[in-house]
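Single-structure report; data block below.
In this chain, residues are counted from 1 in sequence order. Note that the structure is a prediction, hence the values are computed from the model and not measured.
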Amino acid sequence: AALDRESNMEVKLASDSYVRMVLSYGNERIEVVRGQFLSMLFQMFRNVERRNPMRQEARDRFVDDLTQRLEQAHSLSQLISCFNEALQRLCFVSSRALHGPKVMRLEATLQYLRENFPEPLPLPDVARKAGFSVPAFSRVFKQATGTSFLCYLRGVRVEHAKKLLSTTPMTTEQIAHACGFRSPHHLIRSFKKVTHQTPGAWRKEQGVRAGAA
């Protein structure tokens with residue numbers, strides 16, 4: 001129902017509740033959880049496809065890509081992360097902002113950005129890869145995501161920087177290189193735009209929270 005209403009917040013809340021139920025039902029056995037997640041994704045995809053029919057080739061490619069990571073996950077945490085990512089992709093494809101080939105081409109591009117964010121990703125190259133001119137790509141991207149290409153890419157990179165800051169002892173310079181930023185200064189400037197904090201302040205805050213927990 002949340003997916004039908006195109007509410008990302010509702011989908012997130014429903015997903016969190018569903019994951020807890022599945023973990024309890026399966027006694028946290030990874031293959032049971034994997035089977036439940038895959039079954040739910042197929043059911044949700046069928047609902048999406050009824051509203052937005054796809055060509056067979058695009059449909060098969062999307063389903064294979066959607067489920068491959070879940071099938072290859074080796075831990076519960078990885079499995080849950082893959083499931084949530086698959087839900088995000090379904091939310092995007094179900095959006096009524098775009099239809100047909102455009103939405104599939106753009107969805108594939110978003111996945112490409114999420115997988116290749118450490119690499120240099122000039123807008124003209126990404127637009128060409130997606131099959132758009134730069135002006136058309138920028139217009140369609142903003143229409144579908146609500147933000148610009150550069151802001152979206154910055155957000156993806158900052159999210160990965162946050163993970164590294166909270167789970168590794170890597171330096172700012174190492175994290176900048178690992179997340180696709182040109183320099184530590186570029187990381188700090190981008191991080192502050194997204195979180196209103198420096199990476200150092202954010203890492204310290206996370207450490208305090210972990211210690212309190």
Side-chain angles (χ1 to χ4, degrees), residues 1-19 22 33-119 121 126-127 129-132 137 140-160 162-163 179-180:
L3 191 66
D4 289 342
R5 289 191 292 272
E6 300 181 21
S7 170
N8 289 336
M9 180 59 70
E10 286 187 56
V11 170
K12 177 66 169 59
L13 293 173
S15 172
D16 290 345
S17 176
Y18 174 72
V19 167
V22 170
V33 174
R34 192 193 318 272
Q36 291 295 316
F37 283 175
L38 287 170
S39 177
M40 175 58 71
L41 286 177
F42 279 121
Q43 179 180 336
M44 295 178 75
F45 176 75
R46 285 194 293 269
N47 290 338
V48 168
E49 193 182 20
R50 277 198 289 270
R51 294 199 307 273
N52 299 318
M54 304 177 189
R55 295 196 304 269
Q56 185 67 37
E57 180 184 354
R59 177 191 183 280
D60 292 344
R61 185 170 59 249
F62 180 73
V63 170
D64 288 345
D65 195 30
L66 196 69
T67 59
Q68 186 178 42
R69 291 192 175 193
L70 272 84
E71 292 168 345
Q72 295 175 347
H74 299 299
S75 67
L76 280 174
S77 61
Q78 187 180 15
L79 191 60
I80 293 169
S81 176
C82 291
F83 177 70
N84 286 328
E85 181 181 307
L87 282 182
Q88 291 177 10
R89 298 182 67 184
L90 278 173
C91 284
F92 179 80
V93 172
S94 71
S95 169
R96 294 177 178 83
L98 293 171
H99 297 284
K102 281 186 179 180
V103 74
M104 294 308 299
R105 283 154 58 194
L106 193 54
E107 197 283 328
T109 300
L110 295 182
Q111 185 63 14
Y112 177 79
L113 296 179
R114 291 191 289 265
E115 292 176 351
N116 296 278
F117 65 90
E119 305 298 325
L121 294 167
V126 176
K129 182 178 179 63
F132 293 94
F137 178 80
V140 169
F141 195 98
K142 180 68 176 288
Q143 181 185 4
T145 66
T147 190
S148 70
F149 167 77
L150 291 178
C151 286
Y152 182 90
L153 181 57
R154 180 197 301 140
V156 170
R157 287 171 168 166
V158 166
E159 281 303 308
H160 282 271
K162 287 164 66 175
K163 290 180 183 177
C179 294

Subject >> Short side-chain to backbone donor-acceptor contact, Arg34 and Leu70, under 3.5 Å >> reply: yes
Original post:
Between CG of Leu38 and OG1 of Thr67, what distance do you get to the nearest 0.5 Å?
Top reply: 6.5 Å
**OP:** Might you point out which heavy atoms bring Leu113 and Val156 nearest each other, and give the distance in Å?
**Re:** O-CG1, 4.3 Å
Subject >> Whether Phe117 and His160 hold their rings parallel, tilted or perpendicular, with breakpoints at 30° and 60° >> reply: parallel
Original post:
Just by modelled atom types, is the Arg105 backbone N or O under 3.5 Å from a matching donor or acceptor in the Thr109 side chain?
Top reply: yes
Original post:
With side chains defined as the heavy atoms from C-beta onward, is the minimum distance between Met44 and Val11 less than 4.5 Å?
Top reply: no
**OP:** For the residue pair Arg114 and Gln111, confirm or rule out a side-chain donor-acceptor distance under 3.5 Å.
**Re:** yes
Original post:
Could you give the distance from CE (Met40) to CG (Leu87), rounded to the nearest 0.5 Å?
Top reply: 9.0 Å
Original post:
Parallel, tilted or perpendicular: which describes the rings of Phe37 and Phe83, with under 30° parallel and over 60° perpendicular?
Top reply: parallel
Original post:
Looking at NZ of Lys12 and CG of Asn84, how far apart are the two atoms once the value is rounded to the nearest 0.5 Å?
Top reply: 6.5 Å
Original post:
Can you tell if the side chain of Ile80 reaches within under 4.5 Å of the side chain of Val19, non-hydrogen atoms only?
Top reply: yes
Subject >> Pairwise distance CG(Leu79) to CD(Glu71) - rounded to 0.5 angstrom >> reply: 10.5 Å
Subject >> Nearest heavy-atom neighbours spanning Phe141 and Leu106 >> reply: CD1-CD1, 3.7 Å
